[in-house]
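To start, the structure under review is shown below, and the notes come after it.
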Amino acid sequence: MNVFASPEMIRSLTPLSRFDRSPDGRPRVPDDVLGRIAQSSIEQAWKTLGLAGYDHQFEGNWFQTHPGRVLVGRAVTAVFMPFRPDLDDVVIAGSGKPAGERKGDAGQNSWVIDSLLPGDVLVADLYGKIENGTLVGDNLSTTLSRRTGAGAVIEGGIRDYEGVKQIPSLQIFCRGLHPTAIREMSLVGVNIPVRIGGVTVLPGDVVLGKETGVIFIPPHLAEDVATRAEDIRLRDIFSKQRLAEGRYTAFAIDKDWTQDIEDDFRNWKTARG
């Protein structure tokens, strides 16, 4: 059993993306689009996704290893399950790796981390397990930072937090901290659909994590999110400036704009360059 999905399977899961593909088949949203999305607020991205019919893309209530640091990148998904000896034997046999120790702690958490590329975000479903469900400590987190420059979203725990928080170029959203190491778990799928809280995440989704929480953006909507967020941001700057100048009332700004305000905004934006 090869736990890594084939490029053909990944392409079949993500047919709407117009972008180039990574070697593993995931949609590769360009770096410049990721940079623009990083400037978006969660609310701005959420509104665009909702208008497109994607109503369940946000998950909150996380522990953040580096509060205030934005997490953005392309999802590499992974699913872990409670250890079952016969399944674990099949997983290890199909991996081409040495069996190592038994009981689901044969270093399988490192398999997926060793596959990551710059700009990737590991999105791992450990079914909320924290004790003995710590996907990374400070050593694997160092590797995670070196390989991706981004981080991870973990439906589970981490350990060695005092060391992890010292690692630069890293942000991890997880469910909690525990001193135990990962055990009694098996990696059963990489780059397949996963559930993170109430969200279905596909490989190649754009992950945007901010203090509010994490939103997962389908690749075919990434440019729309970036463009709409930029427009909303400019409108917010314009609104606050005009309110401070006393040109309009809050009532006029908070409702649908009149044509006069729209014309004023366009002229303001042109003058701004």
Side-chain angles (χ1 to χ4, degrees), residues 14 16-22 26-52 54 56-77 113 116-124 136 141-142 144-155 164-165 167-174 194 196-197 199 201-240 269 272-273:
T14 58
L16 298 180
S17 176
R18 305 180 301 276
F19 297 117
D20 292 338
R21 302 271 173 166
S22 299
R26 287 177 299 135
R28 194 181 190 286
V29 175
D31 290 342
D32 69 299
V33 177
L34 294 182
R36 292 164 62 200
I37 288 175
Q39 303 301 314
S40 306
S41 70
I42 293 293
E43 288 77 11
Q44 290 163 355
W46 177 81
K47 182 173 183 179
T48 300
L49 297 183
L51 290 171
Y54 289 76
H56 309 288
Q57 300 303 119
F58 171 79
E59 184 68 18
N61 300 314
W62 297 96
F63 179 88
Q64 300 178 40
T65 59
H66 295 68
R69 185 171 193 274
V70 176
L71 175 65
V72 66
R74 311 170 191 91
V76 171
T77 61
I113 291 174
L116 298 173
L117 301 172
D120 285 346
V121 173
L122 174 57
V123 180
V136 297
S141 292
T142 298
L144 179 65
S145 173
R146 176 180 62 82
R147 294 192 68 91
T148 71
V153 178
I154 302 171
E155 190 68 57
V164 170
K165 69 182 180 180
I167 300 171
S169 301
L170 182 71
Q171 172 65 294
I172 297 174
F173 288 77
C174 67
V194 303
I196 300 296
V199 183
V201 185
L202 297 183
D205 279 358
V206 176
V207 182
L208 177 62
K210 295 200 164 186
E211 290 184 304
T212 303
V214 184
I215 197 162
F216 302 90
I217 303 166
H220 65 280
L221 296 175
E223 285 189 300
D224 290 345
V225 167
T227 299
R228 183 178 290 271
E230 288 164 350
D231 181 67
I232 293 172
R233 192 158 53 249
L234 282 177
R235 287 175 181 268
D236 285 344
I237 294 171
F238 167 81
S239 296
K240 290 180 175 61
K269 186 165 65 171
R272 180 184 171 89

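Heads up: numbering here begins at 1 and tracks the sequence. In what follows, every heavy atom counts, from backbone to side chain, and hydrogens, waters and symmetry copies are set aside. Bear in mind the structure is a predicted one, so any value in this text is a computation, not a measurement.
Here the OG-CG distance, from Ser141 to Leu122, works out to 10.0 Å after rounding to the nearest 0.5 Å. To the nearest 0.5 Å, atom CZ of residue Phe58 and atom CD1 of residue Ile196 are 13.5 Å apart. Atoms CD1 and CH2, on Ile215 and Trp46 in that order, are 8.5 Å from each other to the nearest 0.5 Å.
Residue Asp32 qualifies as enclosed at atom CG: its count of foreign heavy atoms under 6.0 Å is above 12.
A donor-acceptor pair under 3.5 Å is absent between the side-chain atoms of Thr14 and the main chain of Ser17, judged by distance alone. Between the side chain of Thr77 and the backbone N or O of Leu202, no donor-acceptor pair lies under 3.5 Å. Remark: the backbone N or O of Leu71 is not paired with any side-chain donor or acceptor of His66 at under 3.5 angstrom. Looking only at distances, no side-chain donor or acceptor of Gln171 sits under 3.5 Å from a matching main-chain atom of Gly151.
For the pair Thr148 and Pro118, the minimum side-chain heavy-atom distance is 4.5 Å or more. Within the 4.5 Å cutoff, no side-chain heavy atoms of Val123 are placed close to those of Glu155. Side chains of Arg21 and Arg28 form no contact here, defined as non-hydrogen atoms less than 4.5 Å apart. For the pair Gln57/Leu49, a side-chain contact is recorded, criterion being any heavy-atom separation below 4.5 Å from C-beta on.
Phe216 and His56 have their aromatic ring centers separated by at least 6.0 angstrom.
A side chain to side chain contact (heavy atoms under 4.5 Å, CB included) with Ile217 is found for one member of Val72, Val207, Val206 and no other, namely Val206.
Salt bridge Asp31/Arg36: absent, no basic N to carboxylate O contact under 4.0 Å.
Residues satisfying the salt bridge (Lys or Arg N to Asp or Glu O under 4.0 Å) criterion with Arg235, sequence neighbours excluded, are Asp231, Glu262. Residues that satisfy the salt bridge (Lys or Arg N to Asp or Glu O under 4.0 Å) test with Glu43, not counting sequence neighbours, are absent from this structure. Arg26 pairs by the salt bridge (Lys or Arg N to Asp or Glu O under 4.0 Å) definition with Asp24, Asp120, not counting sequence neighbours.
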